[in-house]
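Okay, structure first, notes after.
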Amino acid sequence: MQVTPKSAEGLSRTFGVSIPAAELGAMLEARIDEVTPTLRLKGFRPGKVPKAHVRRLYGKALMGEVLEKTLSETSQKVVEDNSLRIAAQPQLEPRSDMEKVLAGQADLDFDLSVEVMPEFEPTDIAKLKLERPVLPVAEAEVDAQVAELAAQNRAYEPRARKAKAEMGDQLLIDFEGRIDGAPFEGGSAQDVELVLGSGRFLPGFEEQLQGAVAGDKRTVTATFPEEYPVARLSGKAAEFDVTVKEARAPVEAAPDDALAQRLGMADLAALRAALRGNLEREYGAQSRAKAKRALLDALDTAHAPIALPGRMVEAEFSGIWAQLEHEKEHGHMSEEDAGKSEEQLRAEYRRIAERRVRLGLVLAEIGRLGEVTVSEQELNDALRREAMRYGEQAQRVFDALRKDPGLQAQARAPLYEEKVVDYILGKAQVTDRPVSREELYKEDELPEGIEEPAEKPKKRAKAKAEPAPAPEPVPEEKAAAKAKAKAQPEPESKPVKAERAAAKPKPKAKGKAK
C-alpha cells in the first residue's frame with residue numbers, strides 16, 4: 001500500500017492511496033482459503049470443494065468483501081499513522097475502474113479525504129467569572145404547597161337532597177354522548193365523580209351542571225377542541241344526556257399529621273421536609289441551568305475565532321433545516337419565520353448550527369484536557385432509564401441498546417456534556433446571587449450577535465380543559481401516539497448537544513430566549 005499526501009487546506013486533508021492488484025489478489029486467496037472448508041456444495045464432499053471452483057462461483061463477491069474490509073482498515077491506518085483527530089468519517093473517492101478492480105485486473109486507487117478537529121487552546125476556565133442565581137425556599141412556599149395538598153385531598157359529603165350544586169362541589173353522574181345524533185365510542189360512562197370547576201371535561205360542560213340537584217337530568221352541549229388528540233373527534237359538537245345521582249360539598253382537610261399519614265409520610269414535619277426538598281431540587285436545577293447558559297455564552301464568545309469543520313456544521317444545519325421543513329409542511333411554522341425569505345432563514349439557522357458545533361468542540365476539548373469520562377455504570381444507568389420507557393419490553397430494549405454503538409454514543413454525549421459543565425463550574429469563579437422566583441425563571445438575554453429564530457413547537461399544546469367524557473383512542477391511534485412520543489432524536493456523534501437550552505431555536509421575544 002502506498003499513501004501520498006495530496007492537499008492540506010484549513011481543516012481538510014486529502015491522501016492518495018494505492019493498493020496493488022497483486023496485494024488484493026493475495027487477500028482474496030486468503031479469504032477463499034478461509035471459506036472453502038465451510039462450503040457445502042452439491043457434488044462435493046464437505047470441505048473438498050476445489051478452490052478454483054469457489055473462485056469461479058464466489059470470486060467477485062469475496063473480492064467485494066476484501067475491498068470493503070481493505071478500505072475500512074486502510075482509512076483507519078492512514079488516520080492513525082498521521083495522528084489525525086478527525087471530525088467526521090473519512091470520505092473515499094475511487095480513481096480506479098472498480099469493475100476491473102473486482103475482477104483483479106487493476107490496482108485500487110482512491111483519494112481519502114478527512115476533516116480534522118481544529119487545534120486551539122481553550123480559555124483558562126479558572127479565570128471565568130460567572131454569576132449563579134439562587135433562590136432559597138421560603139416557609140410561605142412550603143405552607144402554600146401543604147395547603148394545596150390539603151385541598152387536593154379534601155373529602156366530600158352529600159348535600160341536602162334539594163341543595164343546588166356550586167362550583168367546587170363534586171357530582172356523581174352518568175352521561176351518554178352523541179355526535180350528529182349517534183352515540184360514539186367512549187362517549188358514555190357511569191358513576192363518574194366530577195368536581196365542578198376542575199376543568200377535567202370539555203369546555204363549558206361543567207358550567208352547565210352548576211345549580212344541579214340530586215336526581216336532575218340535563219342535556220349538556222359541548223365542542224371538542226381543535227387540538228383534541230383523537231382526530232375523528234377534533235372540532236366536533238357533541239350532546240350529552242347527564243343524570244346527576246348525587247351532589248357533594250367539599251370538606252376541607254386540615255394540614256395536620258393525619259393528612260401527612262394519608263399521603264404516606266410519618267407526620268406533618270416529614271411532609272413539610274419532603275416538600276421543601278422538592279422545591280430546593282427544582283430551584284437548584286433552574287439555578288444550574290442559568291449558570292450553564294451563562295457559561296456557554298462565555299465559552300462561545302471566547303472561542304468565536306476558531307475554525308469549524310464544514311461537514312460537522314453542515315450535518316448540524318441539515319438536522320435543523322429538516323425540522324423546519326417538516327413543520328412548514330404541517331403548518332406549524334411560526335408567524336415570524338413565515339414572513340422571512342428562505343435566504344434569511346438559512347443564514348439564521350446556520351449561525352445556530354455553527355454555535356452548537358463550536359460549543360461542542362470547546363466542551364469536548366476542555367473535557368479531554370480535564371480527563372472527564374463517562375463510566376460504564378453511568379452509561380448503563382442512562383440506557384436503563386431509556387429502556388424503562390418501554391414498559392414490559394424494557395429488558396429487550398436495554399439489551400438492544402447495549403449492542404448498538406451508535407445508540408450508546410447518542411446516550412453518552414449528553415452525559416459527557418453535563419459532566420464537563422460540572423467540571424468547569426467547579427473550576428470557574430462562580431458567585432451566588434440571591435434572586436426572586438420571577439428573576440430565576442426569567443428568559444435570558446441572547447448573547448450579542450446571535451439572533452435565534454423562533455422555535456417550532458414539537459407538539460401542539462393540549463387544551464387547557466382536558467375533556468373527561470371523551471373516548472379513549474382506538475388501538476391504532478394509541479399505537480401511533482405512543483410511537484410518536486417515543487421517537488428517538490437523530491444521533492449526535494459529537495457533543496454538539498452542548499446546549500439545547502441555548503443554541504436550539506427558541507421562542508423569540510425581542511432579543512430574548514429561554
Side-chain angles (χ1 to χ4, degrees), residues 88-89 229-231 263-264 274 277-278 280-282 284-286 288-289 292 296 312 315-316 318-320 322-323 326-327 330 332 356-357 359-360 363-364 367-368 370-423 425 455-462 466 472-506 514:
Q89 287 299 313
V230 181
L263 295 172
N278 288 341
E280 288 173 346
R281 284 188 292 274
E282 177 190 337
Q286 180 65 8
R288 183 188 182 281
K292 177 181 176 181
L296 294 173
M312 188 179 283
E316 187 67 23
S318 295
I320 297 173
Q323 179 187 348
H326 175 80
E327 290 155 356
H330 291 80
H332 295 165
R356 285 192 192 183
V357 171
L359 286 169
L363 289 176
R368 184 182 72 85
E371 299 182 345
V372 177
T373 60
V374 174
S375 70
E376 285 301 308
Q377 184 61 51
E378 290 170 326
L379 177 60
N380 283 337
D381 289 345
L383 296 179
R384 190 169 286 108
R385 286 193 296 271
E386 173 62 25
M388 291 300 292
R389 296 170 54 204
Y390 292 81
E392 295 179 356
Q393 300 182 35
Q395 186 59 49
R396 192 192 313 179
V397 172
F398 176 75
D399 293 340
L401 292 173
R402 286 293 301 157
K403 294 176 183 177
D404 190 318
L407 292 177
Q408 288 187 46
Q410 180 183 330
R412 190 186 297 271
L415 297 176
Y416 181 77
E417 174 189 315
E418 293 307 316
K419 292 194 72 170
V420 174
V421 168
D422 285 337
Y423 169 75
L425 291 176
E455 180 177 294
K456 316 304 177 302
K458 288 183 179 138
K459 293 183 181 177
R460 289 283 187 184
K462 290 186 178 179
E466 192 68 29
E472 285 291 316
V474 295
E476 57 268 27
E477 290 169 326
K478 281 185 177 180
K482 190 173 183 180
K484 182 176 180 181
K486 293 185 177 180
Q488 297 298 308
E490 290 190 12
E492 297 177 79
S493 58
K494 301 293 178 184
V496 295
K497 290 172 70 176
E499 59 147 352
R500 289 199 178 278
K504 196 172 184 179
K506 292 194 166 50
K514 291 181 180 178

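In this text the structure is predicted, and so the values were computed from the model without any measurement.
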Contacts table for residues 396-405: side-chain donor-acceptor under 3.5 angstrom, sequence neighbours left out:
unit_1	atom_1	unit_2	atom_2	d
Asp399	OD1	Gln395	NE2	3.0
Arg402	NE	Asn380	OD1	3.3
Arg402	NH1	Asn380	OD1	2.9
Asp404	OD1	Gly406	N	2.9
Asp404	OD1	Leu407	N	3.1

What is the distance from atom OG of Ser375 to atom CG of Leu415, rounded to the nearest 0.5 Å?
9.0 Å

When every non-hydrogen atom of Val372 is compared with those of Tyr416, the smallest separation belongs to O-CE1, 3.3 Å

Taking side chain as C-beta onward, heavy atoms only, is Leu296 less than 4.5 Å from Lys292?
yes

Got a sec: does the CD of Glu282 have more than 12 other heavy atoms crowding it under 6.0 Å?
yes

Using a cut-off of 6.0 Å, state whether more than 12 heavy atoms not belonging to Glu376 lie near its atom CD.
yes

Within this structure, what is the CG-CE distance for the pair Leu383 and Met388, rounded to the nearest 0.5 Å?
13.5 Å

In plain terms, say whether Asp422 and Lys419 are close enough for a salt bridge, that is, a side-chain N and a carboxylate O under 4.0 Å apart.
no

So do Arg412 and Glu378 actually touch side chain to side chain, heavy atoms under 4.5 Å?
no

Would you check if Glu418 and Arg288 make a side-chain contact, meaning some heavy-atom pair closer than 4.5 Å?
yes

Residue pair His326 / His330: nearest heavy atoms and the distance that separates them
O-ND1, 2.8 Å

Output all residues satisfying side-chain hydrogen bond (donor to acceptor under 3.5 Å, both in side chains) with Gln393, sequence neighbours left out; order by chain, then residue number.
none

